[in-house]
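Everything on this sheet refers to the single structure shown next.
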Amino acid sequence: MTAATDTAVETKRLNYLAAIREAQIEEMERDESVILLGEDCEVGVFGTTDKLDEQFGTNRVRTTPVSENGFAGAGIGAAMTGLRPIIDLTIAAFVYVSMDQLVSQAAKNRYMFGGQARIPIVFRAAMLYGGNAGAHHSDRPYPLFMNTPGLKVAVPASPADAKGLLKTAVRDDNPIMFFEDQTLWSQREEVPTSSEFLIPFGQAAVKREGSDVTLVAIAGSVPRALKAAKLLERDGISVEVIDPRTLVPLDWDTILASVEKTGRLVVADPAHLSCSAASEILATVAERAFSSLRVPPLRVTTPDMNVPFAPSMLVGFYPDPDRIAAGVRKVVDHG
Amino acid sequence: MTAATDTAVETKRLNYLAAIREAQIEEMERDESVILLGEDCEVGVFGTTDKLDEQFGTNRVRTTPVSENGFAGAGIGAAMTGLRPIIDLTIAAFVYVSMDQLVSQAAKNRYMFGGQARIPIVFRAAMLYGGNAGAHHSDRPYPLFMNTPGLKVAVPASPADAKGLLKTAVRDDNPIMFFEDQTLWSQREEVPTSSEFLIPFGQAAVKREGSDVTLVAIAGSVPRALKAAKLLERDGISVEVIDPRTLVPLDWDTILASVEKTGRLVVADPAHLSCSAASEILATVAERAFSSLRVPPLRVTTPDMNVPFAPSMLVGFYPDPDRIAAGVRKVVDHG
Amino acid sequence: MHDKDLLVEMQRRMLRIRRLDDRARELNLQGEIAGTIHTSTGQEAACVGATAALRDDDYITGTHRSHGHPIGKGSPVDGLMAELMGKSTGVCKGKGGSMHLADFSVGSLGESGIVGSGVPVAVGAGLSAKIRGTDQVALAFFGDGAAAQGAVHEAMNLAAVWDLPVIFLCENNHWAVTISVCDHSAVPEISQRGPGYAMPGVSVDGNDPVPVYEATLEAVERARAGGGPSIVEALTYRVQEHAQGLPISREYREQAEIDEWLGRDPIDVHGASLVAAGVLTETELSQLVEEVHEEMEAAIEAARAAEDPPPAAAFEDLYADEPDVAVAR
Amino acid sequence: MHDKDLLVEMQRRMLRIRRLDDRARELNLQGEIAGTIHTSTGQEAACVGATAALRDDDYITGTHRSHGHPIGKGSPVDGLMAELMGKSTGVCKGKGGSMHLADFSVGSLGESGIVGSGVPVAVGAGLSAKIRGTDQVALAFFGDGAAAQGAVHEAMNLAAVWDLPVIFLCENNHWAVTISVCDHSAVPEISQRGPGYAMPGVSVDGNDPVPVYEATLEAVERARAGGGPSIVEALTYRVQEHAQGLPISREYREQAEIDEWLGRDPIDVHGASLVAAGVLTETELSQLVEEVHEEMEAAIEAARAAEDPPPAAAFEDLYADEPDVAVAR
Ligand SMILES: Cc1ncc(C[n+]2csc(CCOP(=O)(O)OP(=O)(O)O)c2C)c(N)n1
Ligand SMILES: Cc1ncc(C[n+]2csc(CCOP(=O)(O)OP(=O)(O)O)c2C)c(N)n1
Ligand SMILES: [Mg+2]
Ligand SMILES: [Mg+2]
């Protein structure tokens with residue numbers, strides 16, 4: 001459970017983007033080696049960085065040219081020489097443009113150099129797949145980075161997690177891919193105000209306890225999974241919803257323990273099906289908790305299909321509460 | 001089974017690289033819209049393209065600047081306007097540099113433009129992980145492209161397959177990632193000489209029949225899996241070795257039928273573990289052949305770790321016959 | 001003076017772009033066009049001046065701000081408007097939308113929502129023309145912001161090394177979202193990059209279609225004759241916000257700057273030239289506007305009447321050989 | 001004339017590079033160094049002339065052909081040779097090898113086997129110096145071939161826009177594997193790209209360390225004083241094949257070209273200058289060679305005596321906070 005639900009903690013109501021903004025401000029206040037680079041970051045089109053230059057100066061808050069590979073690399077070089085950059089890649093589709101620096105430099109340098117490099121850097125990337133931007137701006141590419149050793153991967157699914165994980169990420173000495181799900185931006189919840197509110201990587205959140213099925217949900221699928229769980233409750237199906245929160249490292253203990261309890265597994269993942277996080281979770285559970293599984297596990301994902309533009313074609317395209325609930329029912333009906 | 005084992009067919013003994021060379025020559029002779037672009041391709045450092053300019057002219061065989069993203073994109077534009085380019089990206093690590101063109105243009109354009117674009121293009125990439133080149137030249141990144149809809153992915157594991165699949169790839173009207181495994185380069189076998197020797201995509205090869213375990217092996221793991229199967233035969237374990245040959249599309253029918261027969265699954269995959277092709281195969285089998293599985297399936301892969309340089313650290317790092325055999329034994333011992 | 005028909009056609013196409021964009025913004029606010037849209041308002045002279053210098057069988061590639069480019073190249077507005085409205089009669093069957101228009105029938109090889117990413121594709125079209133031995137040329141539109149992308153550099157070097165028939169057409173509208181060209185480019189004019197590729201580079205008034213046409217034509221003729229690539233830069237201005245629907249939380253440019261450019265509206269500039277040169281009367285000019293407006297309303301009505309693509313249509317057009325290869329699961 | 005100690009130290013470091021490379025090729029053939037190796041033979045003046053202009057606390061990033069760069073920056077040869085030999089005493093504990101040398105203790109932030117990919121990293125080191133308010137500079141080595149990479153363009157533009165203390169040091173050795181600079185670059189000298197970034201660009205004789213030193217020093221002083229980045233190009237030549245172990249199936253360059261450059265060997269050139277200027281006698285010059293050879297044999301013997309890293313060592317150094325995060329499974 002996130003600390004946000006602990007009543008002893010002082011909180012304030014924030015949406016996802018405001019929580020990210022607050023995490024950055026707190027970490028930049030705490031540590032002057034934290035810097036921020038990104039396109040339009042002084043004006044801040046999504047509201048997480050605008051006017052931070054007024055507080056922290058244009059030396060630490062820098063608007064970049066449209067050169068994601070170049071400024072990702074510049075961030076890596078800065079990280080290797082004493083700074084802790086936050087790089088706003090803005091939209092997740094721009095990881096392809098900057099892929100070489102992410103994979104060849106950020107993920108590999110420390111290892112290749114025998115541990116000489118310390119690369120404390122956070123790459124923020126907004127996954128905009130909710131709207132109607134078409135195939136060039138609807139990517140959810142975190143599975144690619146799960147197959148890239150040397151990076152850590154966070155997929156916060158609530159404002160409090162976004163704040164707590166981002167703060168942890170900024171203090172981490174490793175390169176981190178931080179994926180922000182646009183379908184959650186307007187979500188609000190109570191978020192701890194403490195500047196020491198940190199959520200550790202590798203610790204899943206059990207968002208809802210249940211006994212019949214383990215439903216692992218990733219990023220924007222989390223609230224949809226919770227909705228599905230509510231629908232299913234009416235039918236007497238008790239669903240345990242788990243949000244891994246980080247995919248590298250991934251909290252296998254929590255997932256495996258849950259599957260041991262329920263004997264059934266469904267994973268809801270907005271990524272494309274093949275080689276998705278959902279695939280990885282099914283594979284690992286099959287390897288390590290096979291005897292607990294009473295019925296075939298199931299993935300509910302976006303199909304292996306590019307994303308169309310027209311709203312009419314997006315009906316049921318992503319995992320939504322209906323598709324997730326149908327998946328859970330299928331698994332439960334199986335026995 | 002590959003047609004190479006059909007005795008009625010005229011064959012000649014070729015190694016992996018020579019087979020690739022021959023496929024290119026045959027297709028370029030057959031169709032003058034086939035062109036070849038790549039760094040050093042006229043001199044041809046690995047021997048698959050050198051001197052082809054003498055036969056086909058420097059108009060169709062072009063040595064490029066060190067600009068993988070640029071010439072990948074140029075290939076895509078050429079493919080969209082009537083040519084059938086073969087792009088030699090040389091080493092698989094250079095897919096990161098060219099990632100944007102591969103994902104944003106090759107994989108997406110046809111779909112985004114409602115089917116207007118036809119993008120017949122083959123991207124060749126050599127996976128050099130066998131030697132001691134260090135982390136920058138030891139990549140096996142095909143899982144990334146399995147999560148990228150719009151591309152097809154081939155991973156030939158023998159000279160005949162390399163020839164037959166490459167010829168099919170050149171005639172295919174879609175963008176294809178063609179991964180050539182360096183650990184197989186010196187392999188020789190009888191390869192059909194017919195210029196119409198085509199191996200369809202999406203058709204696995206059962207390299208060896210067996211009844212106790214289904215061992216799916218990918219790329220360079222195929223000969224190692226066959227060696228492991230021989231070792232295990234002595235202990236009375238009968239292993240069925242399947243080479244999917246293409247990962248997109250993937251021949252699920254053959255794999256599922258085999259698992260239904262054997263009840264046990266091991267996948268040997270030289271990619272990193274998380275979100276690997278092996279993960280995808282375990283996940284899909286768990287979903288679709290769960291009731292056939294008698295024991296937990298198992299992946300034998302390269303760990304989620306960058307690749308070290310020193311030979312002493314590479315012992316057992318990749319899936320080798322011993323590790324594969326140990327994996328199969330573990331599964332068999334399980335029950 | 002240039003051919004009268006050409007001059008009038010330029011005005012007509014500029015009007016089409018203006019009208020399509022104006023109506024698109026309205027339809028977007030009304031919810032009839034989904035997503036955010038980037039319009040070319042104020043940059044019509046660059047779109048049309050450049051494309052007027054091309055033959056029907058020449059190629060163009062576009063950007064995220066490309067409603068105008070296929071129109072310039074001759075694409076009928078019906079299919080484009082239907083596409084923006086997400087209809088199955090859209091030029092991309094509703095799969096592309098505002099950032100991914102394409103009309104292969106007029107040589108428009110498509111927009112790219114990824115900044116700079118379409119430029120190497122245009123180089124490939126030029127390469128293809130050269131290899132196939134035709135005298136077609138390819139023109140890549142890109143923005144001042146895109147000039148900072150590595151893809152654009154690689155494309156320019158490649159085209160220069162191979163002497164390809166390519167025109168790099170920079171619409172320098174002085175801003176990349178909220179970043180001034182002075183803050184994202186080391187040189188104020190992108191044509192200054194030319195010498196680094198041993199390539200001619202020229203900057204012209206981008207708010208008048210005629211100098212854009214003339215400069216592009218010179219580059220096209222050189223390319224067609226085997227003289228290799230060129231940079232042509234149209235100095236223009238983005239008078240609207242970057243995209244409708246994108247929140248901007250802070251002022252970043254002076255109203256005076258916007259006003260100055262509004263005072264040099266390309267449609268007014270060229271319209272006045274046409275009248276001054278006696279090519280059209282004021283009445284004929286207004287009539288042209290009327291015609292274009294009528295054409296656009298007809299396109300909108302047709303799109304409204306057209307079908308929304310059903311969810312199943314999302315599963316078509318991934319591979320050229322479907323349904324043989326049922327890869328998507 | 002420059003400081004005598006500096007001039008002699010340049011010769012010593014050039015000799016170290018030459019000797020390390022010569023021995024590395026032998027050890028590679030003997031199987032004591034695994035993999036393929038790219039040596040700097042003939043380019044020592046570029047390596048050493050450039051690094052001589054740097055302070056100890058300045059940064060460099062390298063390329064695939066970078067045995068010489070850390071030596072120029074002052075890294076002891078023991079750790080480098082042990083690294084090439086895959087030993088746990090190697091500067092990267094045997095994890096890096098020939099294409100990934102790095103010695104952070106002397107400001108060498110590492111080589112990059114991916115061509116062009118280290119250049120943005122150097123820009124980041126320069127950015128870091130600027131933000132931290134030090135007067136350090138960062139120097140990025142790159143080849144003529146690398147200049148075609150988008151990463152290099154983005155890095156140059158970024159450094160120029162932000163006025164960063166960065167030197168782009170191009171070792172133009174006239175070839176990228178088997179491609180002549182004339183066939184991969186639209187301009188024969190990479191410094192010609194400077195004006196496109198409003199950046200000073202200069203090309204100097206790269207087979208004499210003194211002009212390289214002087215040009216680099218000028219750029220370094222400008223950078224340190226806040227004057228922003230520069231391109232310095234050392235015109236030199238790759239006298240060996242691209243890499244030992246790489247098969248080349250066809251002649252691609254003239255022996256006469258190679259011979260001409262062999263006649264201007266940087267070690268001979270600078271040695272002759274030292275003698276002519278009375279800085280060293282011929283005997284002292286030979287003594288220097290002896291010293292370097294002894295030093296190198298000692299390094300090789302030490303490396304031979306050192307341990308091979310065990311397989312378990314492959315599972316260290318992925319993350320900074322291991323073993324807390326046992327991510328690898
Ligand atoms: C690779 C990439 N980075 C960032 C963006 C976000 N983005 C969209 S348009 C734009 C500005 C482009 O500026 P310019 O090329 O001048 O075109 P203009 O919008 O002015 O027409 C940016 C940064 C993108 N779409 N693609
Ligand atoms: C991105 C990338 N593309 C291709 C290669 C293969 N490669 C290694 S060195 C080289 C040539 C580089 O030429 P240059 O930059 O001039 O360096 P030089 O070898 O001449 O020192 C190439 C193409 C690579 N390592 N990385
Ligand atoms: Mg602009
Ligand atoms: Mg070179």
Side-chain angles (χ1 to χ4, degrees), chain C residues 114-121 123 126 142-164 166 168 170 172 175-176 179-203 227-231 233, chain D residues 114-121 123 126 142-164 166 168 170 172 175-176 179-203 227-231 233:
Chain C
I114 304 298
V115 166
S117 186
V119 179
V121 175
V123 169
F142 67 109
D144 48 294
Q149 278 285 351
V152 173
H153 162 72
E154 296 189 9
M156 287 184 178
N157 185 55
L158 193 60
V161 163
W162 284 347
D163 264 330
L164 300 181
V166 177
F168 297 96
C170 183
N172 182 342
W175 291 91
I179 322 176
S180 157
V181 64
C182 306
D183 293 327
H184 69 65
S185 173
V187 287
E189 296 189 356
I190 305 306
S191 62
Q192 293 175 261
R193 298 261 169 78
Y197 307 104
M199 197 193 286
V202 62
S203 300
S230 316
I231 302 176
E233 180 173 29
Chain D
I114 304 300
V115 167
S117 186
V119 179
V121 175
V123 169
F142 67 108
D144 50 294
Q149 278 285 352
V152 173
H153 162 72
E154 296 190 10
M156 287 186 177
N157 184 54
L158 193 59
V161 163
W162 285 348
D163 263 331
L164 299 181
V166 177
F168 296 96
C170 183
N172 183 341
W175 291 91
I179 322 175
S180 158
V181 63
C182 307
D183 292 328
H184 68 64
S185 173
V187 287
E189 297 189 356
I190 305 305
S191 63
Q192 293 174 262
R193 298 262 170 79
Y197 306 105
M199 198 193 290
V202 60
S203 300
S230 315
I231 302 176
E233 179 173 32

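Please read these numbers as outputs of a predicted model, since none were measured by experiment. Sequence lines set the chain letters: A, B, ... in the order given, protein chains first and strands last, and positions in each chain run from 1.
- Between chain D and the residues S185(C), C182(C), A160(C), the most heavy-atom pairs under 4.5 angstrom are made by S185(C).
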Which pairs of donor and acceptor atoms, one on a side chain in residues 190-198 of chain C, lie under 3.5 Å apart (sequence neighbours left out)?
| residue | atom | partner | partner atom | Å |
| --- | --- | --- | --- | --- |
| S191(C) | OG | S203(C) | OG | 2.6 |
| S191(C) | OG | E233(C) | OE1 | 3.3 |
| Q192(C) | OE1 | E189(C) | N | 3.1 |
| R193(C) | NE | G196(D) | O | 3.2 |
| R193(C) | NH1 | A147(C) | O | 3.1 |
| Y197(C) | OH | H153(C) | ND1 | 2.6 |

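- Of all the heavy atoms in D183(D) and V161(C), the pair that sits closest is O-CG1, 3.0 Å.
- In this structure Q149(D) satisfies the side chain to side chain contact (heavy atoms under 4.5 Å, CB included) test together with V66(B), E68(B), V97(B), E154(C), V115(D), V152(D), sequence neighbours excluded.
- Chosen from G150(C), G201(C), A159(C), A151(C), the residue pairing most often with chain D at heavy-atom distances under 4.5 Å is G150(C).
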